[in-house]
Amino acid sequence: MSTLSPAREPLLIAGAGIGGLTTAVALSRRSIPSVVVEQAEELAPVGSGLQLSPNAVHVLRRLGLEEALLRHAVAPRAVSIQGGESGRTIAEIPLGATAVERYGAPYLVIHRADLQGVLHEAAKLSAGITLTFGTGLVDARQTEGRVRLTTERDGLSDILAGSGLVAADGVWSTVRRKVMNIRQAVYSGRTAYRAVIPIDDVPPEWRDVTGLWMGRDAHVVHYPVSAGTRFNIVVVVKEDWREETWSGPADRGALLARFARWSPRCRGLLERPESWLKWALCGMDPGMRWVDGRVALLGDAAHAMLPFAAQGAAMSIEDADALARAMETAGDVPEAFAAYEAARHGRAERVLRLARENDRIYHMSGPMAFARDMVMRTLSPERLLARLDWLYGWQPPRDA
């Protein structure tokens with residue numbers, strides 16, 4: 001039973017994304033009320049795919065959401081690693097039954113909208129969660145014992161009060177910038193191009209694996225989503241960002257021209273989508289603080305990272321679990337938030353550094369790429385997977 005009485009003011013959560021909704025559900029399971037404030041009028045079914053490694057699935061299982069997830073997700077058999085220009089298979093990392101046996105939970109791939117839908121439905125059915133959509137966060141001020149949010153809806157201002165504020169408002173966090181005075185994330189020099197197509201448009205060899213193609217200054221990742229009915233493709237390239245916004249439609253012809261020298265097997269996949277969207281990939285540097293008294297950053301707001309470890313969503317989910325556990329055992333909100341940061345900071349930054357290292361490894365060329373490929377071919381599939389035991393093997397502590 002929580003030492004923070006549910007009769008007290010609720011915890012305020014900025015953002016109804018994966019981190020914010022998981023936090024609300026995790027708090028509800030511990031009888032801690034929350035109010036989720038989301039700027040969007042509704043959760044639209046947008047976005048592309050994401051990967052849920054066993055460490056994230058363990059948290060969602062403890063929240064009672066695994067069955068709902070499995071209705072939408074796919075458990076790929078392996079990660080199949082290819083040379084972008086040569087088209088040759090470099091290595092294969094087993095997942096599927098191997099991941100379940102090794103880590104006690106599956107490795108899943110899922111459409112972002114499907115995961116958010118599962119979390120949204122769970123939040124609507126969970127006690128003590130108030131969902132407030134169409135409400136922008138203008139500012140926040142903390143005083144002794146509470147936090148006050150200034151919000152805006154339809155041009156009208158309002159004040160919400162709570163015992164603390166969890167900023168799960170993403171890479172461009174308003175709370176991080178306005179309340180904690182921490183600089184925004186910066187452009188990484190990498191752009192992600194994303195498309196989702198029907199699975200029937202894809203050769204059968206790619207329908208049960210996660211594919212990774214590595215090449216000079218670019219790589220491609222793809223996998224099935226939406227219960228195996230659709231296929232998610234992500235292309236990451238090194239380039240300058242010259243757009244006025246951080247996302248938008250992409251020039252299909254210009255993108256395909258970048259891969260003129262790549263293997264026909266990979267180009268054949270890239271030619272399938274009729275249209276692409278692009279995002280500027282931005283990230284935070286290690287060493288940033290996450291907590292200021294009754295205000296805590298969570299997920300991308302705390303540690304926005306490049307997607308080269310496929311752990312952005314997983315780290316938000318792990319954060320949510322740790323914060324809810326800290327709220328359950330601490331004497332007050334500042335103590336809980338400090339404990340949350342202490343529990344999560346080191347692991348999240350280790351993953352951040354892994355993503356940066358993978359950025360370097362994926363995009364090698366010449367002799368360095370040759371040496372990388374030789375090492376990967378030499379290691380057994382089991383040893384390749386074992387190198388990620390520290391990441392995938394994590395599980396939340398058992399409840400007392």
Side-chain angles (χ1 to χ4, degrees), residues 2 4 10-38 43 50-66 68-69 105 108 110 112 115-131 162-171 173 175-176 290-291 295-305 311-330 333 336-348 351 391 394-399:
S2 171
L4 298 170
L11 201 63
L12 305 174
I13 301 172
I18 292 168
L21 290 173
T22 307
T23 300
V25 175
L27 289 169
S28 174
R29 299 294 190 266
R30 292 163 173 81
S31 301
I32 302 170
S34 64
V35 176
V36 180
V37 180
E38 169 57 47
L43 296 182
L50 56 83
Q51 304 187 50
L52 290 176
S53 47
N55 44 304
V57 175
H58 275 295
V59 174
L60 298 172
R61 174 185 288 171
R62 301 277 182 90
L63 296 178
L65 303 181
E66 184 176 17
L69 279 178
L108 303 177
I110 190 171
R112 179 177 294 274
L115 173 58
Q116 199 163 7
V118 167
L119 293 167
H120 185 208
E121 188 64 23
K124 290 191 294 183
L125 296 175
S126 297
I129 300 176
T130 302
L131 299 170
S163 59
L165 171 62
V166 178
D169 51 345
V171 64
S173 171
V175 176
R176 185 179 64 223
W290 299 3
V291 169
V295 179
L297 305 179
L298 183 142
D300 283 348
H303 45 67
M305 60 185 65
Q311 286 293 305
M315 289 299 103
S316 295
I317 291 166
E318 285 189 17
D319 285 352
D321 174 81
L323 189 140
R325 289 177 184 280
M327 287 289 293
E328 185 176 39
T329 57
V333 171
F337 284 0
Y340 150 73
E341 182 176 26
R344 292 294 303 152
H345 203 276
R347 177 169 166 83
V351 177
L391 180 56
W394 178 92
Q395 294 188 35
R398 289 285 178 186
D399 292 325

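Every heavy atom of this structure was used, including side-chain atoms; hydrogens, water molecules and symmetry mates were not.
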Legend entry - Side chain to side chain, Met315 and Asp300, heavy atoms closer than 4.5 Å: no
Legend entry - Gap between atom CG of Leu115 and atom CG of Leu108 - 0.5 Å precision: 10.0 Å
Legend entry - Main-chain N/O of Asp169 paired with Ser173 side-chain donor or acceptor, under 3.5 Å: no
Inset, instruction - Using modelled atom types only, decide if a donor and an acceptor are shared between the side chain of Ser34 and the backbone of Pro10 within a distance under 3.5 Å. - result: no
Inset, instruction - With sequence neighbours excluded, tell me which residues meet side chain to side chain contact (heavy atoms under 4.5 Å, CB included) with Ala26. - result: Arg30, Leu63, Ala324
Inset, instruction - Would you name the heavy atoms of Ala313 and Ile18 that are closest together and state the gap between them? - result: CB-CD1, 4.2 Å
Legend entry - Minimum-distance pair of heavy atoms, taken over all atoms of Ala301 and Arg176: O-NH1, 2.8 Å
Inset, instruction - For Val291 and Ala338, work out which heavy atoms get closest and say how close. - result: CG1-N, 4.4 Å
Inset, instruction - For Asp319, enumerate each residue passing the salt bridge (charged side-chain N to carboxylate O under 4.0 Å, His left out) test, keeping only those at least two apart in sequence or located in another chain. - result: Arg344
Legend entry - Partners passing side chain to side chain donor-acceptor pair (under 3.5 Å) against Ser126 (at least two apart in sequence or in another chain): Arg29
Inset, instruction - Taking all heavy atoms of Ala24 and all of Val36, pick out the closest pair and write down the distance. - result: CB-CG2, 3.8 Å
Inset, instruction - State the CD1-CG distance between Ile32 and Leu11, to the nearest 0.5 angstrom. - result: 8.0 Å
Legend entry - Close side-chain approach of Asn55 to Arg347, heavy-atom, < 4.5 Å: yes
Inset, instruction - Provide the closest heavy-atom pair for Glu341 versus Trp290 in the form atom of the first, atom of the second, distance. - result: OE2-N, 2.9 Å
Legend entry - Set of residues satisfying side chain to side chain contact (heavy atoms under 4.5 Å, CB included) with respect to Glu38, sequence neighbours excluded: Ala16, Ala40, Phe133
Inset, instruction - Output every pair passing salt bridge (charged side-chain N to carboxylate O under 4.0 Å, His left out) with a member in residues 117-129, not counting sequence neighbours, ordered by first then second residue. - result: Glu121-Lys124
Inset, instruction - Can you sort out the partners of Phe337 under ring pair (Phe, Tyr, Trp, His ring centres under 6.0 Å), two or more places apart, ordered by chain and number? - result: none
Inset, instruction - Can you sort out the partners of Ser316 under side chain to side chain contact (heavy atoms under 4.5 Å, CB included), two or more places apart, ordered by chain and number? - result: none
Inset, instruction - Would you name the heavy atoms of Tyr340 and Ala296 that are closest together and state the gap between them? - result: CE2-CB, 4.2 Å
Legend entry - Atom pair CG (Leu119) and OG1 (Thr22), whose distance is rounded to the nearest 0.5 Å: 4.0 Å
Inset, instruction - Applying side chain to side chain contact (heavy atoms under 4.5 Å, CB included), name anything that partners Ala105, two or more places apart in sequence or on another chain. - result: Pro54, Val57, His58, Arg61
Inset, instruction - Report the distance from atom CG of Leu21 to atom CD1 of Ile13, rounding to the nearest 0.5 Å. - result: 8.0 Å
Inset, instruction - Taking salt bridge (charged side-chain N to carboxylate O under 4.0 Å, His left out) as the test, write out the residues that go with Asp321, two or more places apart. - result: Arg325
Legend entry - Side chains of Ile110 and Val118 in contact at under 4.5 Å (non-hydrogen atoms): no
Legend entry - Inter-residue atom distance Gln311.CD - Leu52.CG, 0.5 Å rounding: 9.0 Å
